[in-house]
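As the structure is a prediction and not an experimental result, all values here were calculated from the model.
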Amino acid sequence: MGNTLNSTKNEELLPSKAMTELHEQILFEYPFLSNIYESMLVADNNKPDCPIVWANEQFEAMTLYSKEEILGRNCRFLQGKYTDREIVSEIRTAVEKGQSLDIELLNYRKDGVAFWNCFLMLPVHPKGTKTGRPNYFIAIQKDVTILKSVGPNPSSWTPPEVAMWMDHNGFGRFSRAAVQHAIDGEKLMLLSWTDLPLLGITLSSVQKNFMTAVSAINKDSPLPQRKSDQYQTPQDRKAVLPKEFWNKEKPMEKLVLKCFIDDQSEPTLLLLEGSPTFEKLVELVTASFGNRKIYYMEDDYKSQVTDESSLSAILTLNMGTTVSLHLEKEREEVSETVTKHLFAIPLALLLTSPLGEITYINRAGCVLLNIRDPQEYIGSSISKLIPTIMACSLQDHPVGGKKVDVVDSKSHVRKCLVGISDTVGSFTISLIPCTSLFSKNNALVSAIQSPASLKKK
């Protein structure tokens with residue numbers, strides 16, 4: 001096969017000898033798989049619920065599920081609300097009868113994006129035979145979403161089709177919320193700016209791009225089109241897909257980043273589309289996790305990725321489609337000029353990054369919040385002090401100018417009037433306890449809701 005059956009993690013489920021014999025048996029029964037580069041997985045038919053015992057990098061790239069989290073599980077986790085239950089029943093029947101199956105079904109990536117999966121399942125029989133009860137099943141999968149088009153009338157799109165449209169227009173990370181909130185084509189066309197936070201779209205620049213894309217739906221082709229004379233749906237064809245349909249070369253149009261963050265045991269997978277550059281890498285990591293130092297990991301080797309040269313070296317060393325990265329939180333430094341200006345102001349002030357991480361607390365803020373060492377809070381989410389504020393949602397946040405609960409270092413809760421303003425690349429949050437006489441000062445209240453004087457210098 002285009003991907004040999006070997007992996008340290010996989011060998012925990014199958015001994016090396018059994019893995020080698022399985023590989024040989026698969027090629028004995030299905031020699032055309034020797035040079036195919038598609039998403040593949042192997043499931044053990046001798047164990048309860050037919051768990052996955054092997055998966056390749058293309059599977060990770062297609063689904064955004066890492067091998068670490070799917071081995072030992074049945075592959076039904078790819079199914080979702082709009083997956084056809086009759087087709088699922090066909091899969092179950094084929095497994096029970098030990099038969100091959102060629103179908104097309106709607107599956108879901110880990111980030112919630114739906115995709116049309118051309119699914120070929122083949123039984124793998126005991127060593128040296130091609131009949132009898134299969135010991136394993138091998139599944140070859142291909143994302144054929146771009147070979148199909150969504151309905152011609154956008155108002156008739158189903159929520160999965162809306163998610164596909166979002167993914168192909170650069171808004172894939174918000175598509176899970178669209179499916180969860182049942183945003184179909186009609187609702188998509190009626191979305192207003194105030195609805196966007198429900199989808200997790202909070203940054204004003206992204207909101208603008210999204211609304212521009214929605215308004216252009218009727219003018220432009222909603223999904224990229226690719227002509228394919230080889231592809232027909234299983235309902236239209238009378239034979240298994242021709243061998244020419246499957247990729248014979250390792251696809252390089254996207255790079256899978258397996259991101260390990262802090263103490264998380266399971267990685268988060270991201271897709272770096274197109275030709276990989278350091279600028280694209282930093283932009284993707286920052287949008288997903290905030291400012292992070294990026295390190296390349298390979299066994300015990302660890303090297304920081306700092307420029308195009310270091311990224312190029314990593315891509316040269318890494319021959320697969322997946323690159324393992326370790327991301328460390330990078331604290332944002334506040335300039336000395338700003339800290340001097342804010343330190344003496346008799347108003348509790350906090351600065352945060354665009355993603356809601358605290359970068360500075362002035363003296364009045366420390367007093368109000370009973371904080372002895374502000375460094376203990378630097379890098380923490382603002383929601384730790386103000387639970388009603390969600391990280392990553394500070395832009396035009398609805399709590400601005402309102403009374404909310406604030407939790408100090410001793411877990412005491414008090415009502416405070418909160419002001420939030422954008423101060424050139426960060427946010428300034430001001431707090432006035434409602435018991436303070438100052439809260440009745442209209443001029444001061446007005447100032448905290450728009451503290452223009454606190455702009456970074």
Side-chain angles (χ1 to χ4, degrees), residues 1-3 26 29-30 32-33 36-45 49-56 58-65 70 73-110 112-125 130-131 133-151 158-161 163-164 167 179 223 226-247 251:
M1 291 184 296
N3 298 273
I26 290 174
E29 292 195 61
Y30 311 106
F32 75 94
L33 294 179
I36 283 180
Y37 286 93
E38 296 286 1
S39 167
M40 295 186 189
L41 57 82
V42 174
D44 191 336
N45 194 37
D49 208 26
C50 211
I52 299 169
V53 294
W54 179 84
N56 65 4
Q58 278 72 32
F59 178 85
E60 292 183 312
M62 187 177 77
T63 67
L64 296 187
Y65 284 96
I70 61 99
R73 299 171 60 186
N74 184 282
C75 63
R76 68 174 63 90
F77 58 82
L78 293 173
Q79 300 169 17
K81 179 178 179 180
Y82 295 92
T83 302
D84 190 326
R85 297 301 149 189
E86 291 186 7
I87 294 181
V88 173
S89 180
E90 288 184 41
I91 298 175
R92 188 180 304 111
T93 300
V95 171
E96 292 173 353
K97 294 183 177 181
Q99 298 175 339
S100 62
L101 184 66
D102 173 24
I103 58 168
E104 180 184 285
L105 76 163
L106 190 71
N107 279 158
Y108 294 80
R109 297 188 330 203
K110 187 176 181 180
V113 175
F115 66 95
W116 288 108
N117 184 4
C118 182
F119 180 86
L120 176 61
M121 185 177 72
L122 302 170
V124 182
H125 300 92
K130 295 185 179 181
T131 59
R133 184 181 185 277
N135 288 333
Y136 301 93
F137 285 94
I138 182 168
I140 304 95
Q141 303 151 326
K142 188 182 186 75
D143 182 352
V144 295
T145 303
I146 54 178
L147 301 179
K148 296 166 65 71
S149 62
V150 297
T158 64
E161 288 177 323
M164 292 175 193
D167 184 50
V179 175
L223 282 180
R226 179 189 292 175
K227 294 181 180 179
S228 174
D229 297 329
Q230 300 171 350
Y231 181 73
Q232 291 178 309
T233 65
Q235 293 80 7
D236 295 333
R237 59 178 182 265
K238 298 181 179 180
V240 171
L241 279 164
K243 300 173 185 178
E244 293 76 15
F245 175 74
W246 308 103
N247 284 329

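Minimum heavy-atom separation, Cys50 to Val95: SG-CG1, 4.5 Å. When all heavy atoms of Gly98 and Phe137 are compared, the pair lying nearest together is CA-CZ, 3.8 Å. Scanning both residues, Pro159 and Val179, for their nearest heavy atoms gives O-CG2, 4.0 Å. Closest heavy-atom contact between Pro134 and Pro123: CB-CB, 3.7 Å. Residue Met40 comes nearest to Phe59 through the heavy atom pair O-CB, 3.9 Å, listed as atom of the first residue, atom of the second, then distance. In this structure, Thr63 and Phe115 approach most closely via the heavy-atom pair CG2-CZ, 4.4 Å.
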- Item | side chain to side chain contact (heavy atoms under 4.5 Å, CB included) assessment of Asn107 paired with Met62 | CA-CA 10 Å; Asn107 279 158; Met62 187 177 77; over 6 Å; no
- After noting the C-alpha distance and the side-chain angles of Asp84 and Leu105, does the key distance pass the side chain to side chain contact (heavy atoms under 4.5 Å, CB included) rule? CA-CA 7 Å; Asp84 190 326; Leu105 76 163; 5.9 Å; no
- Message: Could you go through Met164 and Trp116, starting from their C-alpha distance and side-chain angles, then the distance that decides it, and tell me whether this counts as side chain to side chain contact (heavy atoms under 4.5 Å, CB included)?
- Response: CA-CA 10 Å; Met164 292 175 193; Trp116 288 108; 3.4 Å; yes
- side chain to side chain contact (heavy atoms under 4.5 Å, CB included) between Ile91 and Ile103, worked out: CA-CA 9 Å; Ile91 298 175; Ile103 58 168; 3.5 Å; yes
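Put simply, the side chain of Phe119 does not reach to within 4.5 Å of the side chain of Lys142, judged on heavy atoms. You'll find the side chain of Val124 reaches within 4.5 Å of the side chain of Ile138, heavy atoms only. Contact check for Gln79 versus Val88: side-chain heavy atoms found under the 4.5 Å cut-off.
For the atom pair CD1 of Ile70 and CD1 of Ile52, the computed distance is 4.0 Å after rounding to the nearest 0.5 Å. Note that the CG atom of Leu106 and the NZ atom of Lys81 stand 12.5 Å from one another [nearest 0.5 Å]. Atom CG of residue Leu101 and atom CD of residue Glu90 lie 6.0 Å apart, to the nearest 0.5 angstrom. In this structure, Arg92 CZ and Arg85 CZ are separated by 9.0 Å, a value rounded to the nearest 0.5 Å.
When Leu78, Asn117, Thr83, Leu64 are each tested for a side-chain contact (heavy atoms from CB on, under 4.5 Å) with Tyr108, only one passes: Thr83. In summary, of the residues considered (Leu122, Leu120, Ile140), a side-chain contact (heavy atoms from CB on, under 4.5 Å) with Tyr30 occurs for Leu122 alone.
Listed by chain and residue number, Asp49 satisfy the salt bridge (charged side-chain N to carboxylate O under 4.0 Å, His left out) test with Arg76 (two or more places apart in sequence, or in another chain).
The closest donor-acceptor contact from the side chain of Asn56 to the backbone of Glu38 lies under 3.5 Å. No donor-acceptor pair under 3.5 Å is formed between the side chain of Glu29 and the backbone N or O of Ile26.
No side-chain donor from either of Gln58 and Ser39 sits under 3.5 Å from a side-chain acceptor of the other.
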